[in-house]
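Have a look at the structure below, then the notes.
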Amino acid sequence: MVIAIDGDQGVRLAQEVVPDLILMDMSLPVLDGWEATRQLKAAHVTQAIPIIALTAHAMSGDREKALEAGCNDYDSKPIEFPRLLGKIEALLK
């Protein structure tokens with residue numbers, strides 16, 4: 001597991017480590033999760049990594065916005081771990 005403190009660091013770490021899956025907070029400092037996801041999906045080395053958007057923004061359209069940015073799935077906070085684990089397992093199959 002690798003943890004980034006902002007979106008810019010997250011993009012750099014993902015390109016170095018190439019994790020199996022990314023849990024992307026959409027409200028990150030420096031580079032928000034929306035743009036970090038776009039950059040990761042645009043880069044050859046990271047474009048196939050599944051990304052789950054995690055956000056407290058449970059507004060109408062936020063799920064669609066996350067999917068349009070390139071996220072493979074979406075989950076709202078507060079996190080319900082059984083639900084999130086199900087999403088992780090589905091994407092890692």
Side-chain angles (χ1 to χ4, degrees):
M1 181 185 322
V2 178
I3 298 173
I5 60 169
D6 61 54
D8 184 57
Q9 183 185 44
V11 170
R12 285 185 281 114
L13 284 172
Q15 291 171 339
E16 291 171 18
V17 176
V18 190
D20 294 327
L21 182 129
I22 296 172
L23 299 176
M24 180 69 74
D25 188 326
M26 304 315 277
S27 297
L28 293 169
V30 182
L31 184 68
D32 67 32
W34 313 104
E35 183 57 29
T37 297
R38 286 185 199 95
Q39 288 184 20
L40 290 168
K41 290 300 183 172
H44 180 71
V45 70
T46 54
Q47 64 187 214
I49 300 171
I51 299 175
I52 299 176
L54 298 178
T55 181
H57 304 285
M59 307 286 278
S60 175
D62 282 342
R63 183 180 198 288
E64 292 75 20
K65 183 179 174 184
L67 296 176
E68 287 173 11
C71 293
N72 300 85
D73 208 338
Y74 170 91
D75 206 2
S76 59
K77 296 176 187 176
I79 300 299
E80 293 179 21
F81 286 104
R83 181 183 65 209
L84 179 59
L85 288 175
K87 292 178 181 197
I88 291 169
E89 288 174 351
L91 287 170
L92 291 178
K93 285 187 177 182

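Index from 1, following the sequence. Keep in mind that what you see is a predicted model, and the values were worked out from it rather than measured. Computed from heavy atoms alone, side chains included, the values below leave out hydrogens, waters and symmetry copies.
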Any side-chain heavy atom of Val11 within less than 4.5 Å of one from Glu35? no
Closest heavy-atom contact between Ala69 and Thr37? O-CG2, 3.4 Å
Once rounded to the nearest 0.5 Å, what's the spacing between atom CD1 of Ile88 and atom CZ of Phe81? 9.0 Å
Does Glu16 reach the side chain of Val2, with side-chain heavy atoms less than 4.5 Å apart? no
Tell me, do Leu54 and Leu84 make a side-chain contact under 4.5 Å, heavy atoms counted? yes
Is any side-chain heavy atom of Ile51 less than 4.5 Å from a side-chain heavy atom of Lys41? yes
Between Leu31 and Leu23, is there shared hydrophobic-cluster membership here, with clusters defined by ILVMFWY side-chain heavy atoms closer than 4.5 Å? no
How many angstroms lie between atom CG of Asp62 and atom CG of Leu67, to the nearest 0.5 angstrom? 11.0 Å
Can you tell me how far the CG atom of Leu40 sits from the CD atom of Gln47, to the nearest 0.5 Å? 10.5 Å
Looking only at heavy atoms, the pair that brings Ala53 and Ala66 closest together is CB-CB, 3.7 Å
Which residues pass the side-chain contact (heavy atoms from CB on, under 4.5 Å) test with Gln9, sequence neighbours left out? Ala4, Ile5, Asp6, Arg12, Leu13
Are Ile52 and Ile79 linked, directly or through other ILVMFWY residues, by side chains that come within less than 4.5 angstrom of each other? yes
ILVMFWY network linking Leu21 to Val18, side-chain heavy atoms under 4.5 angstrom: no
Could you report the tightest heavy-atom contact between Gln15 and Ala43, atom names first, then the distance? NE2-CB, 3.9 Å
Under the 3.5 angstrom rule, does the side chain of Lys87 hit a backbone N or O of Tyr74 as a donor-acceptor pair? yes
Would you say Leu85 ends up clustered with Leu91 if hydrophobic residues are merged whenever their side chains have heavy atoms under 4.5 Å apart, either directly or through other cluster members? yes
Hey, quick one: are Ile49 and Val45 part of the same hydrophobic cluster, counting side-chain heavy atoms closer than 4.5 Å, chains of contacts allowed? yes
Kindly check if the number of other-residue, nucleotide or ligand heavy atoms within 6.0 Å of CD1 (Ile3) is above 12? no
Once you round to the nearest 0.5 Å, how far does SG of Cys71 lie from CD of Glu64? 12.5 Å
Nearest non-hydrogen partners of Leu92 and Asp20, listed with the distance: CD2-O, 3.6 Å
Nearest 0.5 Å, please: how far is CE in Met26 from NZ in Lys77? 10.5 Å
